[in-house]
There are 2 protein chains.
Amino acid sequence: MSAKLNLDKLDLQIIEHMMSDAEISYADLGKKLFVSGGTIHVRIKKLQKDGVIKGTRLHPDLKLLGYDVIAFIGIYLRESSLYDTVAKELYKIKEIVRLNYTTGNYSMFAEVVCKDISELRDVLHEKLQKIKGIERTETIISLEESFSRNVKILD
Amino acid sequence: MSAKLNLDKLDLQIIEHMMSDAEISYADLGKKLFVSGGTIHVRIKKLQKDGVIKGTRLHPDLKLLGYDVIAFIGIYLRESSLYDTVAKELYKIKEIVRLNYTTGNYSMFAEVVCKDISELRDVLHEKLQKIKGIERTETIISLEESFSRNVKILD
DNA sequence: ATTGAAAGAGTCTCAGT
DNA sequence: ACTGAGACTCTTTCAAT
């Protein structure tokens, strides 16, 4: 059940299924969930209209595309008021795919996807270190992804 | 260009576009890229066969679904040989959506999605701390996501 | 709200280039 | 390897429940 919207079990079942496979047809998904394809259609349109479904995305194999290095970078800021300006600079670095403003060890936390280690070095030494306001960074390189999956929205 | 496959510019353009919007029709994507819908179709089938395209996924609004808390957990292991057994235990915790084996500060690094802070506390204190082999953990809570985007595979 | 059927749009196949 | 057209499948609409 949702915090802000009235979603019933069917809505959640549709979302849960399509989070891992958005290619299934309404008719087939309807069969799985014991309703007609038309009902699936109506529900999906409603979920899109309400903004619960933001779209569908192709899921590529990054390694096959030549992106072999995933790393996380913890960022210490000189002053936390610099957050917005630093975030703007970090956005310009295309290898950074995600940035979070965080509590805990770091002020900010970034995820980086690179082709190889030398590209990561370039991001760290050439691009990151030149940004005013960053005190220092800590790099965590992923040697292997154990698993990656969606949130479980149904029990 | 890819490390392991011969992908030309058109392949990469198709992937790049569909990474953010997989709903576009082959005809419309063909228009954008100045080829026929049939060509888009052939390319996509090839990319699927080669495993470059792993599928398409629905992209939900987690906040609207009631998941307000994203956190990262750095995990220190008692011995690094315990990695596989600990990973297996962590997989059972449904709030953990991603686990990486890492170099740097931590042995392992997890991403957690929870409904609220009390659920996060439950994961940390009830579930994580009971796993043998974990020495200690450090929690980084995301206060705000600045941005999240796809890798840029074309210049 | 859900259904089933008809209309419209998209995917898939294939012969031609 | 790309194209365009025909066959097929899926989405979308709608009247009935």
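Below, each value reflects all heavy atoms present in this structure, side chains not excepted, and no hydrogens, waters or symmetry copies. Here is how names work: the chains are called A, B, and so on, in the same order as the sequence lines, proteins then strands, and each is numbered from 1. Note that the structure is predicted; figures quoted are calculated from it, not measured.
Between Y26(B) and H41(B), the two ring planes are tilted [angle within 30° to 60°].
Following rounding to the nearest Å, R43(A) (CZ) and dT12(D) (P) show an atom-to-atom distance of 17 Å. Counting to the nearest Å, the P atom of dT11(C) and the CG atom of L29(B) are 10 Å from each other. To the nearest angstrom, C1' of dT13(C) lies 19 Å from NZ of K46(B). When the C1' atom of dT9(D) is taken as reference, atom CD of E23(A) falls 15 Å away, rounded to whole Å. Distance H41(A) NE2 to dT3(C) C1': 14 Å, rounded to the nearest Å. Put simply, OH on Y26(B) is 13 Å from C1' on dT13(C), counting in whole angstrom units. One can place NZ of K31(B) at 12 Å from P of dG4(D), the figure rounded to the nearest angstrom. What separates NZ of K45(A) from P of dT12(D) is a distance of 4 Å, to the nearest Å.
R78(A) places a side-chain N or O within 3.5 Å of a backbone atom of I134(A) that can act as its donor or acceptor partner. Without hydrogens or angle criteria, R149(A) side chain to Y91(B) main chain gives a donor-acceptor distance under 3.5 Å.
V42(B) comes within 4.0 angstrom of nothing in the nucleic acid, heavy atoms only. Among the protein residues, S25(B) comes within range of the sugar-phosphate backbone only, with heavy atoms under 4.0 Å from sugar or phosphate atoms but none that close to a base.
E89(A) has no carboxylate O lying under 4.0 Å from a charged side-chain N of K132(A), or vice versa, which leaves the two without a salt bridge.
The side chain of T39(B) contributes an N or O atom lying less than 4.0 Å from OP1 or OP2 of dT3(D).
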